[in-house]
Amino acid sequence: MSGKVFLIGAGPGNPELMTLRALRMLQDADVVVYDRLVSDEILAMHADGARLIPVGKAPKCHTVPQDRINEILLEEARAGHTVARLKGGDPMIFGRGSEEAAYLTAHGIAVEYAPGITAAQGASCSTGVPLTHRGLATSVQYVTGHRQADKVLDLDWKRLADPDTTLVVYMGVANIGQIAIGLMTENLPGSTPVLAVGKATTPDERRLVSRLDHLAADVREADLKAPTLFIIGKVVSLYAERPVDQILEQAHG
Ligand SMILES: C[S@@+](CC[C@H](N)C(=O)[O-])C[C@H]1O[C@@H](n2cnc3c(N)ncnc32)[C@H](O)[C@@H]1O
């Protein structure tokens, strides 16, 4: 009898941000296949005796190619195991979860999902900067700043350069200069505020406030490293240097 695969979003790093469903699935698994972005505290919550298989990917350094990850999941499920495929953030947002699920279902393996808090939401609530706000942003767009095999970024700059939308750039550190220029070329003002958040929701979280026309230089100077995301738009003007829970705590005693 074949086993099954749980495609689990582990959230942005803080273990408290995992869902109960994600935790239950992780604890039901006898094999855990996990990414680099999954924190040690989360990994430590696996069931006693579960086998751990790291398949982490670092930028420009694919430790285990995606095809091989698919095969590992299939082999483990075919061997009758319950497999937790543990991914950072949400498995269906820049996580290739849907590719893995398609491969497994095409081979007759059952897949179940646990959504995770994506990095944008984690960074937003950690810093107190909303992604939408009445009068500042009526919508939000998530975009990847990364292209396969160092190809040129060919994003739809016109669509992205909307002053009434918050833009969240994932995987953008290496190409942030190109991204800023693309947006400014389509008339997003150079004064547009930007908040870069590294390792959001973890004890090592880093924040950098900048503006579009200084962004590349500021990121270089701060030596920001992945995982970092960029929140670009007028909502960043609400940044108060303190996490929103501290502000609420103070307001309500
Ligand atoms: C391959 S994508 C995975 C996204 C993930 N599936 C999610 O929903 O958050 C990796 C990128 O997500 C962002 N990211 C993930 N975790 C993060 C964190 N804790 N802080 C800041 N950015 C993070 C970074 O932009 C990183 O380069």
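This is a predicted model, so every value here is computed, not measured. Numbering of ligands and ligand atoms starts at 1, following listing order.
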> Do R159 and E186 meet the salt-bridge criterion of a basic N to acidic O distance under 4.0 Å?
Replying inline: no
> Looking at ligand 1, does K87 have a heavy atom less than 4.0 Å from it?
Replying inline: no
>> I need the nearest protein heavy-atom contact for atom 27 (O) of ligand 1: residue, atom name and distance, please.
In response: M171 CG, 3.3 Å
> Would A123 count as a contact of ligand 1 if the rule is a heavy atom under 4.0 Å away?
Replying inline: no
> Which atoms of ligand 1 are found less than 4.0 Å from any heavy atom of I93?
Replying inline: 4 (C), 5 (C), 6 (N), 7 (C), 8 (O)
> Taking the side chain from S124 and the backbone from V129, do they hold a donor-acceptor pair closer than 3.5 Å?
Replying inline: yes
> Hey, is A226 touching ligand 1 through its side chain, its backbone, both or neither, going by heavy atoms under 4.0 Å?
Replying inline: neither
> Between the main-chain N or O of L224 and the side-chain N or O of T228, is there a donor-acceptor pair closer than 3.5 Å?
Replying inline: no
> Could an N or O of ligand 1 be found under 3.5 Å from any N or O of Y170, whether backbone or side chain?
Replying inline: no
>> Show the atoms of ligand 1 that are less than 4.0 angstrom away from any heavy atom in L37.
In response: 10 (C), 15 (C)
> What do you reckon, does G88 have a nitrogen or oxygen under 3.5 Å from a nitrogen or oxygen of ligand 1?
Replying inline: yes
> Is a side-chain donor-acceptor pair under 3.5 Å present for S126 with E205?
Replying inline: yes
> Only one of H46, H81, R85 forms a side chain to side chain contact (heavy atoms under 4.5 Å, CB included) with V31, so which one is it?
Replying inline: H81
>> For atom 19 (N) of ligand 1, what is the closest protein heavy atom, and at what distance to 0.1 Å?
In response: P12 O, 2.9 Å
>> Among all the protein's non-hydrogen atoms, which is closest to atom 26 (C) of ligand 1, and how far away is it?
In response: P227 CB, 3.9 Å
> Can you tell me if D164 uses its side chain to pair, donor with acceptor, with the backbone of T138 under 3.5 Å?
Replying inline: no
>> I'd like to check whether A119 has a polar contact with ligand 1, where a contact means an N/O of the residue lying under 3.5 Å from an N/O of the ligand.
In response: yes
> Is ligand 1 under 4.0 Å from a heavy atom in the side chain of K199, in the backbone, in both, or in neither?
Replying inline: backbone
>> Looking at T118, is its backbone amide N or carbonyl O close enough to the side chain of D90 to form a donor-acceptor pair, meaning the two atoms are under 3.5 Å apart?
In response: no
> ligand 1 and G89, any nitrogen or oxygen pair closer than 3.5 angstrom?
Replying inline: no
>> Using a 4.0 Å cutoff against the non-hydrogen atoms of D90, which atoms of ligand 1 qualify?
In response: 6 (N), 7 (C), 8 (O)
> Donor-acceptor pair, Y103 side chain versus S98 backbone, under 3.5 Å?
Replying inline: no
> Does T201 have a heavy atom less than 4.0 Å from any atom of ligand 1?
Replying inline: no
>> Can you name the atoms of ligand 1, numbered from 1 with element, that are less than 4.0 Å from a heavy atom of T118?
In response: 7 (C), 8 (O), 9 (O)
> Closest approach of L131 and A137, non-hydrogen atoms and distance?
Replying inline: O-CB, 3.9 Å
> Judged by atom type as modelled, is there a donor-acceptor pair below 3.5 Å linking the side chain of R206 to the main-chain atoms of A222?
Replying inline: yes
> Closest non-hydrogen protein atom to atom 1 (C) of ligand 1, residue and atom name please, with distance?
Replying inline: F94 O, 3.2 Å
>> Strictly below 4.0 Å, N to O, side chains only: are E76 and K4 in salt-bridge contact?
In response: no
> Considering only protein heavy atoms, which is closest to atom 24 (C) of ligand 1, and at what distance to one decimal place?
Replying inline: T228 O, 3.4 Å
>> Checking a contact table here: which protein heavy atom is nearest atom 20 (N) of ligand 1, and how many Å away?
In response: A200 N, 2.8 Å
>> Taking the basic N atoms (NZ, or NE/NH1/NH2) and the acidic carboxylate oxygens, is any pair closer than 4.0 Å for E75 and R68?
In response: yes
> Near V197, which atoms of ligand 1 are under 4.0 Å from a heavy atom of that residue?
Replying inline: 21 (C)
